[in-house]
Amino acid sequence: MIQKAVVLLFALTLIIGCNSHSGDSPLYKNSTFTLSRHMVKEGALGAETSSAGIHSNYFKNKQQPLPPSLRYTFIINGKILEFQGQNFHEVGISPDINGHLECPISTYGKAEQLNQKNQQASTTPLKTISFQLDLSAILQSFSEKGYYDFEQERLYEDDLNNIYLLCNLPGQSVLLPDLQSRRDLIMRGPDEKGLFYLNIALEQKNKEQPDQWVATNKADYFYPSIQSDIPILDQSYRLAVESISKTFHNNPVQSFQTNALNQQHLWYAAYLSLGIIEPDLFRKHLEEQLERRNIHAENSLSFGWPISSDRILWALAAWELYMIQGDREWLEKAYPLMQMIFEQDIITLMDPNTGLLKGANIGIKPQWSVYPNWMSPADIFNSNHLATNSAHYQFFRILEQASALLGKNPNRYRKYAQNLKLAINENFWQEDRGYYAAFLYGQQHKLSAYRVNHFAEALASLFQVSNLQQGQSVFQNIPTLAYGVPLNYPLMQDAVGSWQDHIAPMAQSYWTWAAADIPNEEAVKYGISTLLRASSLSMSNPIAIRGTNGTIISHKERSEKELWSAAANLGLVYRVLFGMHFNESGLEFKPHIPKTYAGTYTLDKVKYRENNLKITIEGFGHHIAQFTIDGVEFPKAEIPNDMKGSHEVFIRLDRQLADQKEINLIAPHKLLSSPMQN
């Protein structure tokens with residue numbers, strides 16, 4: 001009865017709210033959606049917030065049409081890819097009269113692509129599909145040798161666990177780091193014919209399912225709480241912290257092993273926001289890896305070292321943890337491992353011809369959404385990626401600062417950082433386009449790829465690889481889509497996998513953070529609004545958003561564990577609106593609030609070292625007109641690192657717009673499958 005009463009009260013509140021909020025002026029509007037303080041509208045789709053939570057008709061009304069053909073691939077143990085690049089198995093979607101499609105037997109490693117001209121369209125709704133996989137070549141090798149050699153690794157018979165299906169159907173589209181949590185996509189078998197098989201049913205919409213999320217506010221006990229004049233922002237934040245609270249506090253010991261993150265995403269999420277609210281938990285996790293000296297992106301589908309040098313992301317997270325906690329003992333423990341990683345990377349990855357680090361993208365994976373199909377692992381190793389080099393530049397600067405703090409000579413690291421910054425700007429910067437190339441490829445003469453990587457551009461800006469003029473140029477000229485910034489642009493040609501045209505919330509949050517630092521008023525407003533659209537419509541922490549049509553990929557039972565997407569919404573609050581920057585002297589504030597988002601924002605129960613803070617920001621803009629602690633005005637907007645106790649912080653902004661007010665909003669385009677030179 002109590003639960004029904006809450007639902008009824010929530011529904012009545014929304015009905016009343018629809019009338020009272022109809023006159024809301026937009027926070028942001030483009031050709032696809034409008035966001036206001038209480039709601040988001042996208043044609044017939046919409047979501048509305050109240051004090052109780054969020055109500056949305058998105059999943060009830062959103063139509064997800066079938067793709068032109070069924071494309072699928074198989075992944076052994078959740079990490080050994082059947083194909084590198086854009087190869088796949090493909091069949092036409094022509095179900096029988098009962099809506100069942102039986103796919104032909106697929107031979108592992110043999111791509112089968114459909115001749116679209118010969119495909120027959122079907123009007124029968126697709127309900128169920130049967131897949132069959134012939135793994136005889138691998139099984140025979142097991143029988144004869146006890147192992148099978150893949151291109152990247154050797155698999156022994158005893159190590160064969162699960163074979164996963166990855167396909168391009170609505171409801172079955174999965175981000176690869178999340179794949180191992182999908183027990184429903186594991187192939188069964190072998191059967192009496194030696195075949196592996198799987199039957200799946202497409203998700204049917206339940207029209208009776210209430211489309212609402214009711215806030216419990218239980219997470220307020222653990223994490224900072226927010227109160228602002230933007231209810232849709234407040235509820236999106238509460239949705240994120242409740243998901244994080246469920247993951248960490250229901251089972252804190254296993255939280256890093258059971259959630260859908262791989263280590264690479266976790267390190268980025270820690271740097272963005274999760275390290276701010278869970279420093280002790282993250283320290284324990286980083287210490288476990290430190291003790292094992294086993295620093296790599298576990299469970300990711302990236303290449304191992306040295307093709308991928310993502311170990312440095314552990315160092316970035318470890319340094320940010322030191323900035324947050326100020327524990328010298330932690331820095332002394334982490335420093336030798338940082339040095340070891342540095343020495344190995346310099347010897348193995350430094351290209352003497354360009355002064356750049358070689359190797360794969362250490363942004364967000366998988367690699368086939370970054371590199372064209374023709375590039376082999378050797379080609380990728382010999383390439384240079386903007387994200388990898390920008391992250392290494394920050395890594396070198398961290399070693400320089402850590403050395404100075406620990407009384408060691410920082411000059412060597414300073415020199416490497418200076419030289420790398422020069423090399424990045426000399427080789428990646430494209431003056432005619434006004435932003436950096438995503439990567440360079442080739443052997444003797446490097447060519448810049450006709451692509452842009454938004455996450456890498458954000459890192460280059462945040463880590464100060466670019467100067468102010470370059471940063472302003474990037475956010476004014478870089479191509480953006482109506483629903484957010486895709487990981488890579490132009491988009492790759494269609495292939496199996498969930499990253500070809502996808503927007504990752506955490507990458508979008510980093511991009512918005514970087515735009516706030518420049519600052520670019522329109523880019524910040526756009527970045528915040530596109531993320532609030534996705535979280536409000538889906539009432540979740542979305543796994544991803546399709547850049548071509550805005551479709552939100554969100555599965556309730558898994559999006560609650562999507563910590564990197566929850567970290568994205570927290571990042572908007574901590575890093576953008578409140579502008580939190582942790583440095584050696586204290587917690588500095590560099591807030592950026594767009595004019596349409598003007599109002600009062602209060603963040604309570606913020607823990608910083610031995611402080612408990614209540615922080616209030618008033619107005620809009622990016623320049624601070626007044627900063628007080630407990631009513632006393634301070635010349636610098638910073639909580640000193642030696643301050644202790646409970647304090648009230650007040651920030652008044654000067655209500656002036658940022659100089660940069662433009663972004664390059666364009667229609668989506670796809671990349672040619674053959675290599676191109678600028």
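No experiment lies behind these values; they were computed from the predicted model shown.
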Note to self: Would T49 and M39 count as a side chain to side chain contact (heavy atoms under 4.5 Å, CB included) here? Give the steps.
What the structure shows: CA-CA 6 Å; T49 62; M39 65 180 72; over 6 Å; no

Among side-chain atoms of [X] and [Y], is any donor-acceptor pair under 3.5 angstrom?
{"X": "Y237", "Y": "Y574", "result": "yes"}
{"X": "N641", "Y": "Y608", "result": "no"}
{"X": "S585", "Y": "E638", "result": "yes"}
{"X": "E618", "Y": "Y601", "result": "no"}
{"X": "N425", "Y": "Q470", "result": "yes"}
{"X": "D234", "Y": "S228", "result": "yes"}
{"X": "N541", "Y": "S243", "result": "yes"}
{"X": "D280", "Y": "Q325", "result": "yes"}

Do the side chain of [X] and the main chain of [Y] share a donor and acceptor less than 3.5 angstrom apart?
{"X": "S509", "Y": "A568", "value": "yes"}
{"X": "S565", "Y": "P542", "value": "yes"}
{"X": "H454", "Y": "P486", "value": "yes"}
{"X": "E48", "Y": "I54", "value": "no"}
{"X": "R546", "Y": "H502", "value": "no"}

Compare all side-chain heavy atoms of [X] with those of [Y] and state whether any distance is below 4.5 angstrom.
{"X": "L266", "Y": "W564", "value": "no"}
{"X": "S461", "Y": "F475", "value": "yes"}
{"X": "Y510", "Y": "L272", "value": "yes"}
{"X": "S536", "Y": "Q235", "value": "no"}
{"X": "T616", "Y": "V649", "value": "no"}
{"X": "S309", "Y": "R311", "value": "no"}
{"X": "T530", "Y": "L481", "value": "no"}
{"X": "T512", "Y": "I528", "value": "yes"}

I need the [X] [atom1] to [Y] [atom2] distance, nearest 0.5 Å.
{"X": "H385", "Y": "S308", "atom1": "NE2", "atom2": "OG", "answer": "11.0 Å"}
{"X": "I324", "Y": "I277", "atom1": "CD1", "atom2": "CD1", "answer": "10.5 Å"}
{"X": "L572", "Y": "S273", "atom1": "CG", "atom2": "OG", "answer": "9.0 Å"}
{"X": "I362", "Y": "D310", "atom1": "CD1", "atom2": "CG", "answer": "6.5 Å"}
{"X": "T388", "Y": "I312", "atom1": "OG1", "atom2": "CD1", "answer": "7.5 Å"}
{"X": "I424", "Y": "F463", "atom1": "CD1", "atom2": "CZ", "answer": "11.0 Å"}

On the 0 to 90° scale, with breaks at 30° and 60°, tag the [X]-[Y] ring pair as parallel, tilted or perpendicular.
{"X": "Y271", "Y": "W513", "result": "tilted"}
{"X": "F33", "Y": "Y28", "result": "tilted"}
{"X": "H285", "Y": "F282", "result": "perpendicular"}

Notebook entry, point to check: So does K29 have more than 12 non-hydrogen atoms from other groups sitting under 6.0 Å from NZ?
Noted result: no

Next item on the list: Determine whether more than 12 heavy atoms belonging to other residues, nucleotides or ligands lie under 6.0 Å from atom NZ of K41.
Entry: yes

Check: Step by step, would you call Y483 with R533 a side chain to side chain contact (heavy atoms under 4.5 Å, CB included)?
Finding: CA-CA 8 Å; Y483 300 103; R533 167 204 172 262; 3.5 Å; yes

Check: Looking at Y268 versus F455, is the centre-to-centre ring distance below 6.0 Å?
Finding: yes

Note to self: Does R451 form a salt bridge (charged side-chain N to carboxylate O under 4.0 Å, His left out) with E457? I'd like the steps, not just the answer.
What the structure shows: CA-CA 11 Å; R451 301 202 79 189; E457 301 278 353; over 6 Å; no

Checklist line | Stepwise side chain to side chain contact (heavy atoms under 4.5 Å, CB included) test for Q401 and W319 | finding: CA-CA 10 Å; Q401 295 174 71; W319 174 255; 3.7 Å; yes

Note to self: Using side-chain hydrogen bond (donor to acceptor under 3.5 Å, both in side chains), reason through N453 and Y489 one step at a time and then give a plain yes or no.
What the structure shows: CA-CA 7 Å; N453 183 292; Y489 192 85; over 6 Å; no

Notebook entry, point to check: Between W511 and Y526, is a ring pair (Phe, Tyr, Trp, His ring centres under 6.0 Å) present by the stated rule, with each step listed?
Noted result: CA-CA 11 Å; W511 188 90; Y526 157 86; 5.7 Å; yes

Notebook entry, point to check: Should T216 and E242 be marked as a side-chain hydrogen bond (donor to acceptor under 3.5 Å, both in side chains) after you check the CA-CA gap, both sets of side-chain angles, and the distance that decides it?
Noted result: CA-CA 8 Å; T216 66; E242 285 196 9; 2.9 Å; yes

Note to self: Quick one, W267 with L286, criterion side chain to side chain contact (heavy atoms under 4.5 Å, CB included). Give me CA distance, side-chain angles, the key distance, then yes/no.
What the structure shows: CA-CA 9 Å; W267 295 329; L286 294 173; 3.9 Å; yes

Next item on the list: Mind running side-chain hydrogen bond (donor to acceptor under 3.5 Å, both in side chains) on E42 and Y58 for me, showing each step along the way?
Entry: CA-CA 9 Å; E42 188 175 318; Y58 182 82; over 6 Å; no

